[in-house]
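Beneath this line is the structure, given in structure tokens, with notes to follow.
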Amino acid sequence: MARFDRFTEEALYGPNGFYTRGNNARPDSGDFVTSPETSNLFGGCIAVYLDRIWQAMQRPNPFVVVEAGSGRGTLCRDIFLSEPECKAALRYALVERSTHERETAFTNVVSTCFAEVDELPITALKDLPAGPLTGVVLGNELLDNLPPRVLQRTAAGWSELYVIDGRPDWQTAPQEAQNMASTLAPGAPPGTCIPLQLKAAVWVRRALNLLDRGRILLFDYGLKNTADFVDRPIGEWLRTYRQHRRAGDPYTDAGSRDITCDVAFDQLPGSPQIFLQRDWLLSQELETMTEWAREKWYESAQAPDTSAMAARVVLDEASALTDPQGLGAFLVAEWHVGD
Ligand SMILES: C[S@@+](CC[C@H](N)C(=O)[O-])C[C@H]1O[C@@H](n2cnc3c(N)ncnc32)[C@H](O)[C@@H]1O
């Protein structure tokens with residue numbers, strides 16, 4: 001018998017875990033398509049953001065960027081290829097728990113961006129580095145992969161989800177977890193399930209302690225308030241994926257699929273500002289970046305040649321990143337540290 005968060009921890013990151021095995025979690029295998037894997041425009045917008053923060057902070061050198069849950073390193077690659085103004089001061093740490101992903105990412109970024117460079121401005125780490133640092137901590141779709149505890153409202157209080165022999169089992173929750181759940185979702189009717197995202201909260205606290213000055217910027221799917229989970233069935237916000245398709249309940253075949261949970265942003269410490277991904281990308285010059293493609297496409301839409309078709313692809317990618325029913329509805333949380 002295992003508490004759900006411990007079961008999921010093993011299923012994702014244990015010796016045969018979904019992410020440990022690495023080669024399962026490839027975008028080209030279709031397991032997930034994240035914003036960086038959708039378009040290099042995402043990295044372009046983050047490069048614009050990094051320049052703005054660097055300028056606002058009086059151009060610190062070094063300017064450290066820590067990217068947590070960096071996967072195959074696509075975002076890092078696209079940031080460097082965007083040639084931000086802060087590039088000479090930039091020291092970039094890819095932080096990735098999966099050894100397979102981390103090593104692949106490092107090799108990919110070095111061979112694409114730094115083949116001719118003697119002193120590499122990037123490192124690859126298994127966990128957050130030691131602080132204090134001046135710069136930015138970034139993460140795309142990290143928090144949803146930090147396993148939650150799951151509580152269900154009963155007539156008498158709250159019960160907690162365990163997994164026994166491939167089946168879900170609900171047991172009376174410890175009192176402190178019950179208190180937390182009651183505070184986060186007061187008045188929830190019996191049958192309501194909510195996530196308790198303690199691992200995500202602890203991770204954000206560590207990131208906040210890492211910086212002496214700078215920002216934390218995290219992108220993920222989820223809801224602003226835990227109370228908003230109340231009307232949603234558990235299978236809607238606690239999901240599994242294999243090859244880009246929903247893959248049934250999470251309780252069997254540990255390691256065979258991704259297990260992911262919508263993030264309840266109100267459970268994260270430090271009162272971040274929250275934006276919609278769509279608005280945030282548009283505020284970082286996404287439209288300016290795609291202006292050439294719009295012009296090219298309108299010019300040649302009647303008889304498109306290959307360059308017009310390439311422009312169309314860029315416009316489609318920008319639409320996907322800002323789609324109000326898809327990636328555009330993701331939330332962006334930003335914390336300011338030291339100013
Ligand atoms: C859904 S993937 C996102 C990958 C990439 N950021 C992207 O957007 O394509 C989540 C990644 O976070 C990694 N991860 C999970 N927990 C982590 C932790 N505590 N520190 C660093 N990486 C972690 C996983 O191994 C996985 O590669």
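Side-chain atoms are counted along with the backbone in the values below, which use heavy atoms only and exclude waters and symmetry mates. Order of appearance sets the numbers: ligands from 1, and atoms from 1 within every ligand.
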Legend entry - Proximity to ligand 1 by part of P36, non-hydrogen separation under 4.0 Å: side chain
Legend entry - L146 and ligand 1 - part of the residue with a heavy-atom distance under 4.0 Å: side chain
Legend entry - Within-shell test, Y13 vs ligand 1, heavy atom, strictly < 4.0 Å: yes
Legend entry - Neighbour count >12 (heavy atoms, 6.0 Å) for atom CG, D231: no
Inset, instruction - Decide if atom CD of Q302 counts as having more than 12 heavy atoms of other residues, nucleotides or ligands within a radius under 6.0 Å. - result: no
For the 3.5 Å polar cut-off, considering only N or O atoms, please tell me whether [X] and ligand 1 meet it.
X: T34; value: yes
X: E96; value: yes
X: R97; value: yes
X: N140; value: yes

Inset, instruction - Taking only heavy atoms of E141 into account, list the atoms of ligand 1 that are under 4.0 Å away from them. - result: 1 (C), 2 (S), 3 (C), 10 (C)
Legend entry - For N145, the ligand 1 atoms whose distance to one of its heavy atoms is below 4.0 Å: 1 (C), 2 (S), 10 (C)
Legend entry - Donor-acceptor pair, side chain of E96 and main chain of S98, under 3.5 angstrom: yes
Inset, instruction - Test the R97-Y19 pair against the cation-pi criterion, namely NZ or CZ under 6.0 angstrom from the six-membered ring centroid and within 45° of the ring axis. - result: no
Inset, instruction - Measure from NZ or CZ of R239 to the centre of the six-membered ring of Y221, then state whether that distance is under 6.0 Å and the direction lies within 45° of the axis. - result: yes
Legend entry - Donor + acceptor pair across side chains of Q55, D51 (<3.5 Å): no
Inset, instruction - Would you check, one step at a time, whether the test salt bridge (charged side-chain N to carboxylate O under 4.0 Å, His left out) holds for E291 with R294? - result: CA-CA 5 Å; E291 193 56 49; R294 237 180 327 279; 3.3 Å; yes
